[in-house]
Amino acid sequence: MKKLLEILQSGAAYLEKRQIEEARLNMEHLLAHVLGCRRLDIYLRFEQAVPEADLVRLRELLRRRGEGEPLQHLLGTVEFCGHEFISDHRALIPRPETETLVELILKKFALPPARVLDMATGSGCIGLSLAKAWPQSEVVLADISEDALDLARMNASRLKLNTKFTRSDLFEKITGSFDVIVANLPYIPTAEISTLSPEVKRDPHLALDGGPDGLRIVERFLLAAPGYLNAGALIALEVGHDQGAPVANRCTELGYKHAVTAPDLAGIHRFVFATAPPKAVVLDDLQPVNEVTAIAA
């Protein structure tokens, strides 16, 4: 039987040849997953022999990772804001930069808000993390995809949270008003999707495609959201790396107050915050001069 260190080194080399970023780290995660231990425990077991049955499982996982299947899908879970979420093909993989969005939202409230809406919730990582931090708040998770909502329900059950779920195309089936509406909407321009990494292409197309300029769905959201915001309520958005300033400007044009951007840990201003217009008027029927390019103009 081969020893653990030899397997770790050969597996990392295999992934490097297939241009997998952070090949050794990926191999450590896969090996720990197969052995049922923590990743750091591997370093205490380098001389341990690995049974052939475990090697068979590991080879299959390595093959799939080498073909571009996301590590999180192979492991089945991902950590987000200190909680473990199920991650699979039904929704976007929760990403580290989005943890910063949750942290920024939490810092904006001295007291928990009464009602929170997580629009386009996907796996539920944003809304459920907020629900965990604000157990007294009513948190609603909405998505157009029933598959995504099923995944979010599974994650809510794992976290023992009693949240509400609504299948809705943006605000189509949403009722009532909220103190916070957070959304990580599709924002990738249609033409750029073919250029994405193999891992990102495994995410649902519906969760990626933001239309010709990437901001068509964001525009629809901004037009409709005021009708669902309480006075002084907050909207919080995650957008693309070059979309923060245009989206904040569009918020101001539509009457939102205090529109600002905030950076992620890499310094990219991908988060937009704004408060409700003085009068929450439904703007859904207003048509921009050019619906597709209104934000980017």
Side-chain angles (χ1 to χ4, degrees), residues 1-99 121-125 128 143 145-159 186 188 193-209:
M1 291 189 291
K2 294 184 178 180
K3 292 185 178 180
L4 193 151
L5 179 58
E6 179 185 357
I7 294 166
L8 174 61
Q9 292 171 335
S10 61
Y14 173 89
L15 293 176
E16 280 182 3
K17 288 180 181 178
R18 282 149 185 81
Q19 300 182 323
I20 300 299
E21 294 184 6
E22 298 183 313
R24 184 181 174 96
L25 180 61
N26 274 248
M27 184 59 190
E28 289 174 357
H29 277 293
L30 292 175
L31 192 51
H33 177 67
V34 168
L35 296 178
C37 66
R38 298 180 307 163
R39 182 174 63 87
L40 295 180
D41 290 339
I42 291 173
Y43 288 87
L44 304 176
R45 301 165 63 173
F46 276 162
E47 295 302 312
Q48 176 181 316
V50 179
E52 181 62 27
D54 288 336
L55 288 178
V56 171
R57 289 181 59 208
L58 183 62
R59 291 186 191 108
E60 174 62 13
L61 291 174
L62 271 174
R63 180 190 65 77
R64 292 164 62 185
R65 185 68 188 101
E67 292 175 354
E69 190 165 345
L71 175 66
Q72 295 87 344
H73 289 182
L74 297 176
L75 301 179
T77 60
V78 60
E79 185 173 310
F80 183 90
C81 287
H83 309 296
E84 190 175 77
F85 288 83
I86 300 169
S87 178
D88 62 27
H89 66 280
R90 290 174 286 183
L92 289 176
I93 296 169
R95 290 177 168 83
E97 56 266 28
T98 307
E99 292 180 296
T121 190
S123 67
C125 62
L128 295 177
D143 204 289
S145 166
E146 189 61 42
D147 284 343
L149 286 175
D150 283 343
L151 179 59
R153 290 186 187 99
M154 292 174 65
N155 282 319
S157 177
R158 283 170 63 92
L159 295 173
I188 298 175
I193 291 177
S194 62
T195 68
L196 298 174
S197 69
E199 288 85 355
V200 177
K201 286 180 183 178
R202 300 286 184 124
D203 284 330
H205 186 275
L206 189 64
L208 299 173
D209 191 352

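FYI, the numbering just counts along the sequence from 1. Remember, predicted model here, so these are calculated numbers, not experimental data.
Of all the heavy atoms in Ile7 and Ser10, the pair that sits closest is O-OG, 3.1 Å. Shown here for Ala12 and Ala23, the closest heavy-atom pair between the two residues is O-CB, 3.5 Å. Taking both residues in full, the closest heavy atoms of Leu196 and Lys201 are given as O-CE, 3.1 Å, listed atom of the first, atom of the second, then distance. Here the closest heavy-atom approach between residue Ile42 and residue Cys37 is recorded as CG1-SG, 4.3 Å.
Environment of CD in Gln19: sparse, with no more than 12 heavy atoms of neighbouring residues, nucleotides or ligands closer than 6.0 Å.
Here the OG1 atom belonging to Thr77 is positioned 4.0 Å from the CD atom belonging to Glu84, to the nearest 0.5 angstrom. Separation of atoms CG (Leu128) and OG1 (Thr121) is listed at 6.0 Å; rounding is to 0.5 Å. Separation of atoms CZ (Phe80) and OG (Ser87) is listed at 11.5 Å; rounding is to 0.5 Å. Annotation: the span from Leu30 atom CG to Leu15 atom CG amounts to 7.0 Å, rounded to 0.5 Å.
Using a 4.5 Å cut-off on side-chain heavy atoms (C-beta onward), Pro186 and Asp209 make no contact.
Taking the side chain to side chain contact (heavy atoms under 4.5 Å, CB included) definition, one finds that Tyr43 meets it with Arg24, Glu28, Phe46, sequence neighbours left out.
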Salt bridge (charged side-chain N to carboxylate O under 4.0 Å, His left out) between Arg90 and Asp143, intermediate numbers included: CA-CA 12 Å; Arg90 290 174 286 183; Asp143 204 289; over 6 Å; no
- request: Determine, step by step, whether Leu92 and Leu208 satisfy the side-chain contact (heavy atoms from CB on, under 4.5 Å) criterion, reporting the C-alpha distance in whole Å, the side-chain angles of both residues, the deciding distance to 0.1 Å, and the verdict.
  value: CA-CA 8 Å; Leu92 289 176; Leu208 299 173; 3.7 Å; yes
message: Assess the residue pair Arg63 and Glu60 against the criterion (salt bridge (charged side-chain N to carboxylate O under 4.0 Å, His left out)); give the C-alpha distance rounded to whole Å, side-chain angles, the decisive distance to 0.1 Å, and a yes or no.
response: CA-CA 5 Å; Arg63 180 190 65 77; Glu60 174 62 13; 2.5 Å; yes
message: Run Val78 and Arg95 through side-chain contact (heavy atoms from CB on, under 4.5 Å) and show every step you take.
response: CA-CA 9 Å; Val78 60; Arg95 290 177 168 83; over 6 Å; no
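Tested against Glu52 for a salt bridge (Lys or Arg N to Asp or Glu O under 4.0 Å), the candidates Lys2, Arg59, Arg57 yield a single pass: Arg59.
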